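These notes concern the structure reproduced below.
Computed from a prediction, not measured in an experiment: that's the story for all the values here. Each residue takes its place number in the sequence, starting with 1.
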Amino acid sequence: MDARLNYFASPTAGKALKYFMSAGKALKDSPLPTATQELVALRVSQINGCAACIDMHTKDAAAAGETSVRLNLVVAWREATVFTDAERAALQLAEEGTRVADAAGGVSDAVWAYAAKHYDEEQLTALVLLVSFMNTVNRLNIITQQPAGNYEPGQFH
């Protein structure tokens, strides 16, 4: 499968994505735990069906030491016993923040309160920005049918 657009060859994409990807780097350096970041990025990508991002975040998380059991269970995190309460709060916020049209109200007060119980304001800020960032990246990749499967861990870092 070939992508509809080559972002790396486009001067317009190069200019815009340079700043966008620097925002992604800032999120990586945030106080939100790395494991949580990868789990959230993976879950948002699963919901949106972004194969390129699922490929990337599964491989990056595994390279960072994440177990295959946890990676395989992200899609069914509610029934899985391998996630902390804090990770569950982040995954729940990520789901409601991604399914804004389905949720018909965005992130509920209960979900926000649960996340705020586990993360300080700076971590919550990073979590909200990460969910928004991943939804944007997913759409960029889905619209242009970016292929998946050949990503190497750390390729874009």
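- More than 12 heavy atoms of other residues, nucleotides or ligands sit less than 6.0 Å from atom CG of D85.
- Under the side chain to side chain contact (heavy atoms under 4.5 Å, CB included) criterion, N6 pairs with F8, A9, not counting sequence neighbours.
- Contacts of Y114 classified as ring-ring contact (aromatic ring centres under 6.0 Å, His included), with partners at least two apart in sequence or in another chain: H118.
- Residues L5 and Q145 have side chains not in contact (no heavy-atom distance under 4.5 Å, counting atoms from C-beta outward).
- At least one side-chain heavy atom of D60 sits less than 4.5 Å from a side-chain heavy atom of E38.
- For F20, the ring-ring contact (aromatic ring centres under 6.0 Å, His included) partners at least two apart in sequence or on another chain are F133.
- Remark: D29 pairs with K25 by the side chain to side chain donor-acceptor pair (under 3.5 Å) rule, at least two apart or across chains.
- For A62, the side chain to side chain contact (heavy atoms under 4.5 Å, CB included) partners two or more places apart in sequence, or in a different chain, are L71.
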Worksheet item: Between Q37 and S30, does a side chain to side chain contact (heavy atoms under 4.5 Å, CB included) hold up when you go through it step by step?
Response: CA-CA 10 Å; Q37 290 186 40; S30 77; 3.5 Å; yes
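- Taken together through direct or relayed side-chain contacts under 4.5 Å among Ile, Leu, Val, Met, Phe, Trp and Tyr, L17 and I143 form parts of separate hydrophobic clusters.
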Sequence neighbours excluded and cut-off under 3.5 Å, please list the side-chain donor-acceptor pairs for residues 121-131, or say none.
residue: Q123; atom: OE1; partner: D120; partner atom: N; Å: 3.0
residue: Q123; atom: NE2; partner: P31; partner atom: O; Å: 3.2
residue: T125; atom: OG1; partner: E121; partner atom: O; Å: 2.8

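- I142 and M21 sit in two unconnected hydrophobic clusters of ILVMFWY residues. Membership requires side-chain heavy atoms under 4.5 Å apart, directly or through other members.
- Applying the side chain to side chain donor-acceptor pair (under 3.5 Å) rule to W77 yields the partners E95; only residues at least two apart in sequence or on another chain are considered.
- Applying the side chain to side chain donor-acceptor pair (under 3.5 Å) test to pairs two or more places apart or on separate chains, those with a residue in residues 128-140 are S45-N138, N48-N135, N48-N138, T98-N135, N135-R139.
- Take A23 and apply the side chain to side chain contact (heavy atoms under 4.5 Å, CB included) test, not counting sequence neighbours, and it matches no residue.
- Not counting sequence neighbours, the partners of Q146 by the side chain to side chain donor-acceptor pair (under 3.5 Å) test are T144.
- Evaluation of the salt bridge (charged side-chain N to carboxylate O under 4.0 Å, His left out) rule for R70 yields E66, E87 as partners, not counting sequence neighbours.
- Here R4 pairs with nothing under the side chain to side chain donor-acceptor pair (under 3.5 Å) rule; sequence neighbours left out.
- F83 has its side chain within reach of L73: a pair of non-hydrogen atoms, C-beta onward, lies under 4.5 Å apart.
- Criterion: ILVMFWY side-chain heavy atoms under 4.5 Å apart, direct or through other members. Under it, V75 and I47 are not part of a common hydrophobic cluster.
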